[in-house]
Amino acid sequence: MDFERCVGSQCVDPQHTVTVKGQKTTMKWIDRIVEETEWHQEPEGPGWEQVEAELGVALPTDFKELSRRFVPGSFSGYLSLLRPTDEHDEQPLLSMWSGSRQSAAMNEFVAQMYAPYGIYGTETGQGLIQWGSDMTEGDQFWLADRSVDPDRWPVISRKESGEPWHRFDMPTAEFIYRMIADPEFKPFTIANPPRRAFYLPYWAPYPPSAEEWEALSDRNRRN
């Protein structure tokens, strides 16, 4: 690995693989997201038991906690998490997974879009499970493996279909934090110093006006 390309706790090799130096708890990254966005609420929302039962595997702890801490919406008006249900017109994770799996099984061209990993299969216990989507047609997945602790699944992402995959051996919450707050997290960062990340809940008008966007991303904003 080319360690001269390290930034903070991460190192990027020529094959677009990111590894994490040292151990960090997933809750720490959730707390940093909350601090950056200044979004505070009592944990709520439907659980993931039915989704996990159908997938035959548990999902990463930090992702499920983020879905409880943040109502349906988007980070900085850009990145949305898939949800257990389709409330508020959010995309349900199970529907996205089953739809992608069916499409890949019926169409070789679609299947190649997920190569070399393939869509997660309940019979094999391995493959991609999508957990997020963004406003520029980027997709975020886990490389799931039933034999591996879900909290250790890598994040697999690309800017849009057809572009190279990038692998990140880090918790989901760290990936999200770096996307919204770390200007060095290329090519996925949307951080724009001195502007600040925010959270846009489902009930807020979208897209915000220019004035609202300025107020939301103002580093000196009020909660």
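Since this is a predicted model, take the numbers as computed values, not measurements.
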Quick check on [X]: does its [atom1] atom have over 12 non-hydrogen neighbours (other residues, nucleotides or ligands) under 6.0 Å away?
{"X": "E137", "atom1": "CD", "value": "no"}
{"X": "E123", "atom1": "CD", "value": "yes"}
{"X": "E163", "atom1": "CD", "value": "yes"}

Using a distance-only test with no angle check, is there a side-chain donor-acceptor pair under 3.5 angstrom linking [X] and [Y]?
{"X": "S133", "Y": "D139", "value": "no"}
{"X": "R146", "Y": "Y120", "value": "yes"}
{"X": "W39", "Y": "Q41", "value": "yes"}
{"X": "T172", "Y": "W142", "value": "yes"}
{"X": "Y199", "Y": "S76", "value": "no"}

For a 4.5 angstrom cut-off between non-hydrogen side-chain atoms, does [X] reach [Y]?
{"X": "E52", "Y": "K64", "answer": "yes"}
{"X": "R178", "Y": "T189", "answer": "no"}
{"X": "Q130", "Y": "L82", "answer": "yes"}
{"X": "S157", "Y": "Q140", "answer": "yes"}
{"X": "N107", "Y": "Q112", "answer": "no"}
{"X": "R158", "Y": "M113", "answer": "yes"}
{"X": "S67", "Y": "W48", "answer": "yes"}

Roughly how far, to the nearest 0.5 Å, is [atom2] of [Y] from [atom1] of [X]?
{"X": "E36", "Y": "D182", "atom1": "CD", "atom2": "CG", "result": "10.5 Å"}
{"X": "I129", "Y": "L59", "atom1": "CD1", "atom2": "CG", "result": "6.0 Å"}
{"X": "R196", "Y": "I180", "atom1": "CZ", "atom2": "CD1", "result": "10.0 Å"}
{"X": "W131", "Y": "L66", "atom1": "CH2", "atom2": "CG", "result": "8.5 Å"}
{"X": "W153", "Y": "Q126", "atom1": "CH2", "atom2": "CD", "result": "11.0 Å"}
{"X": "L93", "Y": "T85", "atom1": "CG", "atom2": "OG1", "result": "11.5 Å"}

Taking the ring of [Y] and the ring of [X], is the distance between their centroids below 6.0 Å?
{"X": "Y117", "Y": "F141", "value": "no"}
{"X": "F198", "Y": "W213", "value": "yes"}
{"X": "F75", "Y": "F70", "value": "yes"}
{"X": "F175", "Y": "W29", "value": "no"}

Shortest non-hydrogen contact between [X] and [Y], atoms and distance:
{"X": "S209", "Y": "E212", "answer": "N-OE1, 2.8 Å"}
{"X": "A215", "Y": "R221", "answer": "O-CB, 3.5 Å"}
{"X": "P150", "Y": "A58", "answer": "CG-O, 3.4 Å"}
{"X": "P84", "Y": "P92", "answer": "O-CB, 4.2 Å"}
{"X": "S100", "Y": "I119", "answer": "CB-CD1, 4.0 Å"}
{"X": "R68", "Y": "E65", "answer": "NH1-OE1, 2.7 Å"}

Linking I/L/V/M/F/W/Y whenever any side-chain heavy atoms sit under 4.5 Å apart, do L128 and F109 land together?
yes
Using the rule that two of Ile, Leu, Val, Met, Phe, Trp, Tyr join whenever any of their side-chain heavy atoms come within less than 4.5 Å, decide whether L200 and W203 are in one cluster.
yes
Inspect the contact between E44 and R69 and indicate whether a charged nitrogen and a carboxylate oxygen are less than 4.0 angstrom apart.
no
Do K28 and E174 sit within salt-bridge range, that is, some charged N less than 4.0 Å from a carboxylate O?
no
Would you find a donor on one side and an acceptor on the other, under 3.5 Å apart, between the side chain of [X] and the backbone of [Y]?
{"X": "D151", "Y": "P60", "result": "no"}
{"X": "W165", "Y": "A115", "result": "yes"}
{"X": "R152", "Y": "P171", "result": "no"}

Stepwise side chain to side chain contact (heavy atoms under 4.5 Å, CB included) test for E160 and T136:
CA-CA 7 Å; E160 61 180 63; T136 59; over 6 Å; no
On the 0 to 90° scale, with breaks at 30° and 60°, tag the H166-F168 ring pair as parallel, tilted or perpendicular.
parallel
Step-by-step side chain to side chain contact (heavy atoms under 4.5 Å, CB included) determination, R167 to V155
CA-CA 6 Å; R167 171 174 170 148; V155 171; over 6 Å; no
T122/V57 under side chain to side chain contact (heavy atoms under 4.5 Å, CB included): CA gap, chis, key distance, verdict:
CA-CA 8 Å; T122 54; V57 70; over 6 Å; no
Could you walk me through whether S74 and Y206 pass the side-chain hydrogen bond (donor to acceptor under 3.5 Å, both in side chains) test, one step at a time?
CA-CA 10 Å; S74 58; Y206 189 86; over 6 Å; no
